[in-house]
Amino acid sequence: MIHVTKTFLPPQKEYQDILHRAWQTGWMTNRGVLVKELEASLKQYLNTPNIIAMTNGTLPLQIAIKALGLKGEIITTPFSYVATTSSIVWENCTPIFVDIHPEYLTIDESKIEAAITPNTSGILATHVFGNPCHVEAIEKIAFKHNLKVIYDAAHCFGMQYKGESIFNLGDVSTCSFHATKLFHTGEGGALFCKETYFKKMYSHHNFGHDGPENFHSLGVNAKMSEPQAAMGLAVLPYMETIINSRKKVVDVYNKAFKNSSLQVLRIREHTKWNYSYFPVIFESETQLLKVIEALNNHSVFPRRYFFPSLNTLPYVNSESMPISESIASRIICLPLFVGLQEKDLETIINVIQTNL
Ligand SMILES: *Cc1c(COP(=O)(O)O)cnc(C)c1O
């Protein structure tokens, strides 16, 4: 059976050797040596000044919304994973959806200003499949209307835009280190922010503690544990191998679908992409369903990702978002992972091509 992704596992001994150090300290969490070492290694690898490792990629979004003091309406994209929208609602704010660009699949920056009202406090946008939003336009709009900007950069590990880590953009960026993501710690994630927000974000992720007996502010528990950090430290040395191996698969897909009716992701200019996903967009949902069935018959299980369009969630009130809804109904992510066999890749491509 072939799924859309397969978690990269480092040699077990390497993981255990790192984890052994947690036995030596006797600490399993509360920011032990492994979490601190992972943060230091990631800072260096990613070239980003402020990082807080967390226990998943969703809590950093909620903490960012809370710590930046966002209230009322937050402008966001309907084409992302549910965590982007649910975090807004969970923090008692209202998501105001703005439709997406039909090729980049990121929020359509030209439609943002029309959605701003006196109640708007921020923009939460996703660099979807690692494709950067139009960050310059968003920054300009945010400055003009005094809005905070959070980027859900869950898919963006290791990515650069105009030569700089994509995590350095916005007031806050977040990443997920979930086992299905490019770099992982089993469950895990991180928050990246400007220096001015660091102390507040840090305090929020640790119950609001300011030393053992003082409390800086309201907080929650989003701390990463030592076993999670050990996995990250064991996976990190393999990132070049992981990215190169995925690039090979992406090159094969791109070549195979070049002259077909399939639409593939258009990566924004000046982007050093990370080969995190290979989405393909069909001409119709009927065609998509036909291809999925044919792939399933060959034991291949791609994922309808992202589906449904988030403006149709039962707990939001939104007008329709025609582009996002149309794309969501026609898009799947194809299998892409280290160790995907050449013959399986051939099967996937053949099945798709014969069913277009
Ligand atoms: C995976 C993902 C998240 C959530 O990350 P978790 O680590 O699973 O909590 C948030 N946003 C997007 C776009 C994602 O793909």
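The model shown is predicted, which means the values in this text are computed figures rather than measured ones. Numbering of ligands and ligand atoms starts at 1, following listing order. The first residue in the sequence is number 1, and the count goes up from there.
- In this structure, Val135 and Tyr151 have side chains that are in contact, with non-hydrogen atoms separated by less than 4.5 Å.
- Scanning the protein for heavy atoms near atom 1 (C) of ligand 1, the closest one is Lys181 NZ, 1.6 Å.
- Contact atoms of ligand 1 toward Tyr81: 2 (C), 3 (C), 12 (C), 13 (C), 14 (C), 15 (O) (distance under 4.0 Å to a heavy atom of the residue).
- With respect to Phe157, the ring pair (Phe, Tyr, Trp, His ring centres under 6.0 Å) criterion is satisfied by exactly one of Phe183, Tyr277, Trp273, Tyr275: Phe183.
- Compare His127, His184, His178, Met54 by their heavy atoms: the one nearest to atom 8 (O) of ligand 1 is in His178.
- Contact annotation: Ser87 has no heavy atom less than 4.0 Å from any atom of ligand 1.
- Contact annotation for Tyr305 and ligand 1: only side-chain heavy atoms (C-beta onward) come within less than 4.0 Å of the ligand.
- Contact check on Asp251 versus Lys247 returns a salt bridge, with a Lys/Arg side-chain nitrogen under 4.0 Å from an Asp/Glu carboxylate oxygen.
- Below 3.5 Å of separation, one finds an N or O of His155 facing an N or O of ligand 1.
- Classification of the His270-Tyr161 ring pair by plane angle, with boundaries at 30° and 60°, yields perpendicular.
- For Asp152, every heavy-atom contact with ligand 1 shorter than 4.0 Å involves the side chain, none the backbone.
- Of the N or O atoms in Ser176, one or more lie within a sub-3.5 Å distance of an N or O in ligand 1.
- Here the heavy atom of the protein found nearest to atom 9 (O) of ligand 1 is Thr58 OG1, 2.6 Å.
- On a distance-only criterion, Gly57 and ligand 1 share at least one N/O pair closer than 3.5 Å.
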